Amino acid sequence: MPEGPELHLASCYINTVCAGLIFSGKVEKSEVSKNPEVLFESDAYLISATSRGKEIKLTLTPLKEEKNLLPGRGRDREGLSQNGLQQPMDLVFRFGMSGSFKLASGAELPKHAHLRFYTKESPHRALCFVDIRRFGRWEVHGTWQLDRGPCVMLEYEKFRENVLRNLSDKAFNKPICEALLNQKFFNGIGNYLRAEILYRLKIPPFEKARTVLEALQHRKQSPDLTLSKKVKLKRENPDLLELCHAVPMEVIHMGGKGYSPEPSDDAAAFEEWLQCYCVPGMRSLHDGNGRTIWFQGEPGPMAPKGEHQLYSSMLCRVLLLLVGLGEAGRSVACCGIIKVKETSDALLKL
DNA sequence: CGTCCACGTCTAC
DNA sequence: TAGACCTGGACGG
């Protein structure tokens, strides 16, 4: 599922399917999950959700005053007031590479459902946090992670200011494609979004981030234009930071689930929407963190050296070394090089 | 069978 | 700046 749009779509999904649903009992964790137990229990409670960048917060709200029905157990529970009432609880989730929420209707739980909230009805259904790879995390009594910036989708103005006010930060020494994955400034942007955003403006992915962003600080005014012309111009020529908002918003407005592994009409529409990421004919490279960046055109000045570039620079050094040696040294060095070549050829045959 | 790849953090040297 | 953390799908032999 999971870049900013998928997290936001998950919160919409939860608020839609859980509207009017009453949940009951304990929150159940799978055996295999290493995430914390959720010690919440209520005879009747509601679930709602909000999102911020690549995080989602669930709020569990007990419906009415209720006595703790299981004295002794209550001591283990969290968020109990002194008279044993279950207090509301916030849970903050990150989705890792494969997290999602699903309301399961059948008797069977979905595979990899690591946290389950059961409805009161009979037979009950279960809202499940499903996560195949288990990179996802949740925190009990969670708050938004402190070092993540404002949401690129829901807090656009704050997001923009946070970037432009902090351009001296060393995060912007990096290539723009790597800076875009820094959640301290671009909370919600992930690997497919960075490719799509840079592609729209044909910005070379390995151009220095500060160079790209400093150009946006004082945006050129054209005072002779009418207001409506200015608005039109701005809408038709969005800058990089505007696209960090607008591109994920396009995914949200498509509806569906966004990027999702299961084949469906939504998935087909999403693939159709992609202009660059994994699109045939586009180029790709690995960035400094080993993540694949998709792009078109020039990679830009900070591009990592490819393998053949490394080999050719090594060869240059060897040749320079040989030139610098006398005739005797040259023959000794060449013997050594030939030995290295024979050895590596022999190893390749093994 | 095996190897590579995937929408993202985390922590430890 | 590597790895660790995971499952499973695609593709090659």
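Every chain is numbered from 1, with letters handed out A, B, ... down the list of sequences. Every heavy atom of this structure was used, including side-chain atoms; hydrogens, water molecules and symmetry mates were not. The model shown is predicted, which means the values in this text are computed figures rather than measured ones.
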May I have the step-by-step check of side-chain contact (heavy atoms from CB on, under 4.5 Å) for K29(A) and R116(A), ending in yes or no? CA-CA 6 Å; K29(A) 182 171 82 78; R116(A) 281 99 64 163; over 6 Å; no
Dot-bracket encoding per residue of DNA chain B, Watson-Crick/G-U cut-off under 3.5 Å, | denoting interstrand: ||||||.|||||.
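Between F185(A) and F172(A), the angle of the ring planes lies from 30° to 60°, which puts this pair in the tilted group. Taking the six-membered ring for Trp and thresholds of 30 and 60 degrees, H124(A) and Y118(A) have ring planes inclined between 30 and 60 degrees apart.
Atom CG of D287(A) is separated from atom P of dC5(B) by 14 Å (rounded to the nearest Å). Here dA6(B) presents its P atom at 14 Å from CG of L274(A), a figure rounded to the nearest Å. Distance CD1 (I293(A)) to P (dC7(B)): 10 Å, rounded to an integer number of Å. Between the NE2 atom of H286(A) and the C1' atom of dA6(B) there is a distance of 12 Å, rounded to whole Å.
Contact of the P299(A) side chain with the R283(A) side chain is registered, since non-hydrogen atoms from C-beta on lie closer than 4.5 Å.
Comparing the P positions of dC6(C) and dA12(B) gives a spacing of 14 Å, expressed to the nearest Å. To the nearest whole angstrom, the two C1' atoms, one in dC7(B) and one in dT1(C), are 23 Å apart. Nucleotides dT9(B) and dG9(C) have their C1' atoms positioned 22 Å apart, rounded to a whole Å. For the P atoms, the distance linking dC13(B) with dC5(C) amounts to 12 Å, nearest Å. Remark: the separation of the P atoms in dC5(B) and dG13(C) is 15 Å, to the nearest Å.
Taking a heavy-atom distance under 4.0 Å as the criterion, the stretch of DNA chain C touched by chain A extends 5' to 3' from dC5(C) to dG8(C).
The aromatic ring centres of F117(A) and Y45(A) sit 6.0 Å or more apart. For F95(A) and F135(A), the distance between ring centers is not under 6.0 angstrom. Annotation: F129(A) is not in aromatic contact with H114(A) [ring centroid separation under 6.0 Å not met]. Side-chain rings of Y199(A) and Y277(A) stay apart, their centers remaining 6.0 Å or farther from each other.
At most 12 non-hydrogen atoms from other residues, nucleotides or ligands lie less than 6.0 angstrom from CG of D265(A).
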For each nucleotide in nucleotides 8-13 of chain B, reading 5' to 3', give B when a protein heavy atom comes within less than 4.0 Å of its base, S when such contact involves only the sugar-phosphate, and - otherwise. BSS---
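Under 4.0 angstrom from either OP1 or OP2 of dA6(B) there lies no side-chain N or O belonging to S98(A).
One distance of note links CD1 of I56(A) with CG of L91(A); it measures 11.0 Å at 0.5 Å rounding.
Screening F270(A), Y259(A), Y192(A) against P5(A) for a side-chain contact (heavy atoms from CB on, under 4.5 Å) leaves a single residue, Y192(A).
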